[in-house]
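Read the structure below first, then the notes.
Below, chains carry the letters A, B, ... as their sequence lines are ordered, and counting in each starts from 1.
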2 protein chains.
Amino acid sequence: MTTAAETMRPSVQRAVEVCPVEVSMAVLGGAWKLSAVKYLLERTHRFGELQRRLGTVTPRTLTRVLRDLEADGIVVRTVYAEVPPKVEYSLTDLGRSLDQVVGWLDAWGDAYPRPVG
Amino acid sequence: MTTAAETMRPSVQRAVEVCPVEVSMAVLGGAWKLSAVKYLLERTHRFGELQRRLGTVTPRTLTRVLRDLEADGIVVRTVYAEVPPKVEYSLTDLGRSLDQVVGWLDAWGDAYPRPVG
DNA sequence: TCCGACAGTATCCAAACCGTCAGTATGTGT
DNA sequence: ACACATACTGACGGTTTGGATACTGTCGGA
């Protein structure tokens, strides 16, 4: 049999040993991840669409980000057997369950420096 | 004059250029950070208390985590001129404003692998 | 015939992150 | 005399993360 722990990415596994919040941060932390999720909450995107909306991300990095999110069960990757290639990214139920927090973190980040001065 | 941007840590500054959610992750992302905040939401802690509650964190790492949180306006560090040294860490208003999200992320992380298996 | 769009890969490189180990200073307890 | 507790700091190193740059293959359009 295969337990969930065996297929988890190393950083997530480590987090499980420590604290639930660490698990969340292991899955959602890191550059571009939540921005990508934020756009995917809007609607399904193609690879190039995400790249353009994120602005300065390189294809190499975006690929890694999306592959991690896929491995963690947040996004689904759908490949169409067409030429030129067409690949769509959308959220799983688990990914959609992030709607609230992402909205919250977006608002908090937007207001961030202001409480200081 | 001094703008907020000038005193921000580099990773936070970069995030500001990208997206508000990235700002949140720049401030809150990384090992031990949200776990520390979680305990500090309970009450003020001394350095050693936090270290023991976090379990396997090294003093070196914990220091860096707390210094970052201080620089980002999340925690306050109070040093008492005593021997042996006594240092207390507590949350700022901004830090306390994380109560909801931390609770949410803790719950989400706790439930995490179950939706899959 | 050559160019661009598409969704990436390959390879290399730099910075950030996090950990280990050793050491600091001072006062109390045995 | 010696260890212990406290809250660190410094030097160093490995691993992970993220970025720069160049390249792949196929098709439709100019």
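- Taking the side chain as every heavy atom from C-beta outward, K33(A) and M25(B) never approach each other to under 4.5 Å.
- Counting distance only, with no hydrogens placed and no angle test, the side-chain atoms of R64(B) and the base atoms of dG19(C) include a donor-acceptor pair under 3.5 Å.
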*asked:* I'd like to know whether L40(B) forms a side-chain contact (heavy atoms from CB on, under 4.5 Å) with I74(B), so could you lay out the CA-CA distance, the side-chain angles of the two residues, the decisive distance to 0.1 Å, and finally the verdict.
replied: CA-CA 10 Å; L40(B) 292 176; I74(B) 308 296; over 6 Å; no

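- Cation-pi geometry between R14(A) and W32(B) is met: under 6.0 angstrom from the ring centre, within 45 degrees of the axis.
- At a threshold of 4.5 Å between non-hydrogen side-chain atoms, the residues V37(B) and L41(B) count as touching.
- If you measure from atom CD of Q51(B) to atom P of dA5(D), you get 12 Å, rounded to the nearest angstrom.
- Y80(B) comes within 4.0 angstrom of nothing in the nucleic acid, heavy atoms only.
- Between Y112(B) and W108(B), the two ring planes are tilted [angle within 30° to 60°].
- Rounded to an integer number of Å, the gap from CG of D68(A) to C1' of dG8(C) is 16 Å.
- Rounded to an integer number of Å, the gap from CG of L54(A) to P of dG19(D) is 11 Å.
- E22(A) has its CD atom 15 Å from the P atom of dC17(C), to the nearest Å.
- Distance CE (M25(A)) to P (dC18(C)): 11 Å, rounded to an integer number of Å.
- Among the atoms of the strands shown, base atoms are found under 4.0 Å from some heavy atom of R60(B).
- At least one side-chain nitrogen or oxygen of R67(B) sits closer than 4.0 Å to the OP1 or OP2 atom of dT9(D).
- Rounding to whole angstrom units, CG of residue L62(A) and C1' of dA10(C) are separated by 17 Å.
- Using a 4.0 Å heavy-atom criterion, one finds that R14(A) contacts no nucleic acid atom at all.
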Sub-3.5 Å pairs of nitrogen or oxygen atoms, protein against nucleotides 23-30 of chain D:
none

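- For the pair E49(B) (side chain) and R46(B) (backbone), a donor-acceptor distance under 3.5 Å is present.
- Taking only side-chain atoms of R52(A), from C-beta outward, the nucleotide of dT9(C), dC18(C), dC6(C) with the closest atom is dC6(C).
- Side-chain atoms of C19(B) and D106(A), non-hydrogen and from C-beta on, do get closer than 4.5 Å to each other.
- Going from atom CD of E88(B) over to atom P of dT6(D) covers 14 Å, rounded to whole Å.
- Residue T58(B) has its side chain nearest to dT20(C) when only dA7(D), dA7(C), dT20(C) are considered.
- Each of K86(B) and K33(A) has a nearest nucleotide on DNA chain D; the 5'-most of these lies closest to K86(B).
- When each of dC8(D), dC18(C), dG8(C) is scored by its nearest atom to the side-chain atoms of T63(B), the top-ranked nucleotide is dC8(D).
- Taking atom CG of L66(A) as the reference point, atom P of dA7(C) lies 11 Å away to the nearest angstrom.
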